[in-house]
Number of protein chains: 4
Amino acid sequence: MVKAAVHLFTEKGFHRTTTREIAKASGFSIGTLYEYIRTKDDVLFLVCDSIYEEVQTRLQSLLTDDTKGIERLKNAITSYFQVIDEMQDEVLVMYQEVKSLPKEALSYVLEKEVEMTSMIEEVIRYCVREEVVFLTEKQVKLAAHNILVQGQMWTFRRWSIQKLYNIEDYTKLQIEQFISGITKAQVAD
Amino acid sequence: MVKAAVHLFTEKGFHRTTTREIAKASGFSIGTLYEYIRTKDDVLFLVCDSIYEEVQTRLQSLLTDDTKGIERLKNAITSYFQVIDEMQDEVLVMYQEVKSLPKEALSYVLEKEVEMTSMIEEVIRYCVREEVVFLTEKQVKLAAHNILVQGQMWTFRRWSIQKLYNIEDYTKLQIEQFISGITKAQVAD
Amino acid sequence: MVKAAVHLFTEKGFHRTTTREIAKASGFSIGTLYEYIRTKDDVLFLVCDSIYEEVQTRLQSLLTDDTKGIERLKNAITSYFQVIDEMQDEVLVMYQEVKSLPKEALSYVLEKEVEMTSMIEEVIRYCVREEVVFLTEKQVKLAAHNILVQGQMWTFRRWSIQKLYNIEDYTKLQIEQFISGITKAQVAD
Amino acid sequence: MVKAAVHLFTEKGFHRTTTREIAKASGFSIGTLYEYIRTKDDVLFLVCDSIYEEVQTRLQSLLTDDTKGIERLKNAITSYFQVIDEMQDEVLVMYQEVKSLPKEALSYVLEKEVEMTSMIEEVIRYCVREEVVFLTEKQVKLAAHNILVQGQMWTFRRWSIQKLYNIEDYTKLQIEQFISGITKAQVAD
DNA sequence: CATGAATGAGAGTTCATTCAT
DNA sequence: AATGAATGAACTCTCATTCAT
């Protein structure tokens, strides 16, 4: 159902997609759909939740690598961008439709987003502890946000960016600028 | 009307806002509203168009400063971030709702986005020509995208970022990382 | 609209009548119907309210007669039964569907019912004061309830009663039994 | 099942009660419920039928008492009111929901109602034959209807009546007025 | 025999849009 | 030129009923 919904939301957006379409695309009747959900909003929540779950799981498994120093950060970014690339539609839908979630669900989802940011921060902080980069806590947080968003923009600016680069180039170039940015940032500080 | 619509869209999103509400908030009757627009989508288009127009105008006027070298780029970024900060609601609405525009309007709006990217690119290219930074054309384009998005994320991640920084700090830190990123990028290339 | 709704409710009951049917029978579109009401329950409330209003108004105007003693009571009962007879469908619908009203509306309507009971009580109390009947306060209240219900049963048992009597006979017979009941009740007390 | 249904109907009415709820409250699965009934209307019919059956049975057993004259009538009324009081919910549901029965079932149920009226009539006619009251056939029938309805109103006006009286007082007062009404009715005739 | 997942017709309600005034 | 009553297509959601297991 989530797969079907993602597909429809990608094409027409959440609001322009009807529950009947979701049901049909999921392969069950409207009645059966409503056995699984209580309101249409629930579909959106399920979609968002499942995407976060998958992204996070895949990210977590990738973060357990045993490289050291700056390499570890590079690998993490590469992996994250890879995941985003493979789940483009899902990620795109999620960032375009979260705002339509009811308040409570929104908070829940934003918490997940916070968790993800923390994961990235942690990888950066690791480099700080290893003394391969020198950043204040504020700079670490900002860098984490930047990486996260640079991943997301691969989807929401794809109409432009993906004409210029493939994911490998994009990753390479972003890492390049990003790493120089933070390794030199110490000086500027 | 645009002001009223932006306000409503910020609060409830485009789809959850009714034409009646837009009319009322604009001080028109529903009948009069439909003298100015043909469909509800037109409102969204007008909103997006007017925001682009304003952002672009303000940006353009700021780019005619007479500083040289890297300072010019720093000033441009600072100005751009300033504009974004002052037009937070507008920018937020725009990036969250563009996707709801009908195809034709979408293309038109994306073109504006391309123009803006070009403006930023141009400022960066100027630095390249001045030989204060050394970037390939591909790196220039990516850098422009990054700046643009870092501006936007001030709004769409405000629930998190604006708790950590005020706009001055945010600008300072981003410029710091960004400038080191591109000035050192030559080496990494 | 109320007229149309009463007619439909008489035939099929409130729950089996659709809003579309109400709209059609009222001569407007479903959209226009919803300009006048907020929910389907509102229709029922409007129906009940308007019936009470009419019954009460007609009753009130009839109670201002200048006869004395027991005649006054007889006239009141006769008038009340007359009103019920003329508004049979309305009264029937009301007593069969009130329970479907949402809580708040129900209280409001029951208050009206209490008012009507009080009106009848007052006429009886007048006879008590005139010393043509001798009843305790409890007996007065019960007598009022009885009259009220004997009026209503002319509608809700019409499948049986109206085969046996016309409204004149019914009124005459009921008054007969009722008046003897209360004029002799003193003794039994 | 009937017990469960009565309980639910009392709380929410027939139409607002779902078959699922009936099944659950009865301890069946929805599938099993439909082994016993063909349509939801059948539930209502079963409920009504079983209530009539019980009221009638209890009434019948009480009518075989051996008192004579007016006492017999008083006892009958007292017993009937007693039954009503003990089966308040059932009686209330029945009178509020019969109208929702499909035509055929309705006729069947109304026949039962006729039977009950006849039973009461018979008790009154017995008094007429015993020459303790003097009533025409028309008066007998009306009196029977009145008693029946005065029983029912103990439930459907309980929000008001049961605040004023307990069942013993109510019975005593009603019998008082009723008996004087019919014993004196001869004169007024 | 009992179950409950599956169905889909149909309900109430909304709202973009029109057009007579 | 401005209005807002009127429209009805389209939406979300419910629930009586069935039937494969």
**OP:** Taking all heavy atoms of E90(C) and all of I51(C), pick out the closest pair and write down the distance.
**Re:** O-CD1, 3.2 Å
Subject >> Whether Y36(D) and F28(D) hold their rings parallel, tilted or perpendicular, with breakpoints at 30° and 60° >> reply: parallel
Subject >> Distance in angstrom units between R16(A) CZ and dA16(E) P, rounded >> reply: 11 Å
Subject >> Euclidean distance, atom CD of residue E21(C) to atom P of dA11(E) [Å, nearest integer] >> reply: 7 Å
Original post:
Just how far, in rounded Å, is P of dT13(E) from CD1 of I37(C)?
Top reply: 7 Å
Original post:
Checking all strands, does Y36(C) fall into the base, sugar-phosphate, or nothing category for heavy-atom contacts under 4.0 angstrom?
Top reply: sugar-phosphate
**OP:** By nearest nucleotide on DNA chain F, pick out whichever of L33(C) and H15(A) is the more 5' one.
**Re:** L33(C)
**OP:** Give a yes or no on whether the backbone of E11(B) and the side-chain of R16(B) come within a donor-acceptor separation of less than 3.5 Å.
**Re:** no
Subject >> Neighbour count above 12 (heavy atom, 6.0 Å) for K12(C) NZ >> reply: yes
Subject >> Whole angstrom value for the distance that separates P of dA6(F) from CE of M1(C) >> reply: 13 Å
Original post:
If only side-chain N and O atoms of S29(C) are considered, is one of them under 4.0 Å from the OP1 or OP2 phosphate oxygen of dA6(F)?
Top reply: no
**OP:** Let me know, please, whether T32(C) or G31(A) comes out on the 5' side of the other along DNA chain F by nearest nucleotide.
**Re:** T32(C)
Original post:
Toward the 5' end of DNA chain E, which comes first, T17(C) or I30(A), by nearest nucleotide?
Top reply: I30(A)
Original post:
Who is the Watson-Crick or G-U wobble partner of dT14(E), with both distances under 3.5 Å?
Top reply: dA9(F)
Original post:
So what does F28(D) hit on the nucleic acid, given a heavy-atom distance under 4.0 Å: a base, only sugar-phosphate, or nothing?
Top reply: nothing
Original post:
Base, sugar-phosphate, or nothing: which does T18(A) touch, judged by heavy atoms less than 4.0 Å apart?
Top reply: sugar-phosphate
Original post:
Is the shortest distance from a Lys or Arg side-chain nitrogen in K103(B) or D41(B) to a carboxylate oxygen in the other one below 4.0 Å?
Top reply: no
Original post:
Has the side chain of R20(A) got a donor or acceptor atom sitting under 3.5 Å from an opposite partner on the base of dG10(E)?
Top reply: yes
Subject >> d(NZ, K40(C); P, dT14(F)) in whole Å >> reply: 16 Å
Subject >> Between dC15(E) (P) and I22(B) (CD1): distance, integer Å >> reply: 12 Å
**OP:** Tell me the partner of dT21(E), counting only Watson-Crick (N1-N3 plus N6-O4 or O6-N4) or G-U wobble (N1-O2 and O6-N3) with both under 3.5 Å; none if nothing fits.
**Re:** dA2(F)
Original post:
Where the side chain of E35(C) is defined as all heavy atoms beyond and including C-beta, which of dT3(F), dA6(E), dA6(F) is the nearest nucleotide?
Top reply: dA6(F)
Subject >> Side-chain N,O (Y34(B)) to OP1/OP2 (dT17(E)) below 4.0 Å >> reply: yes
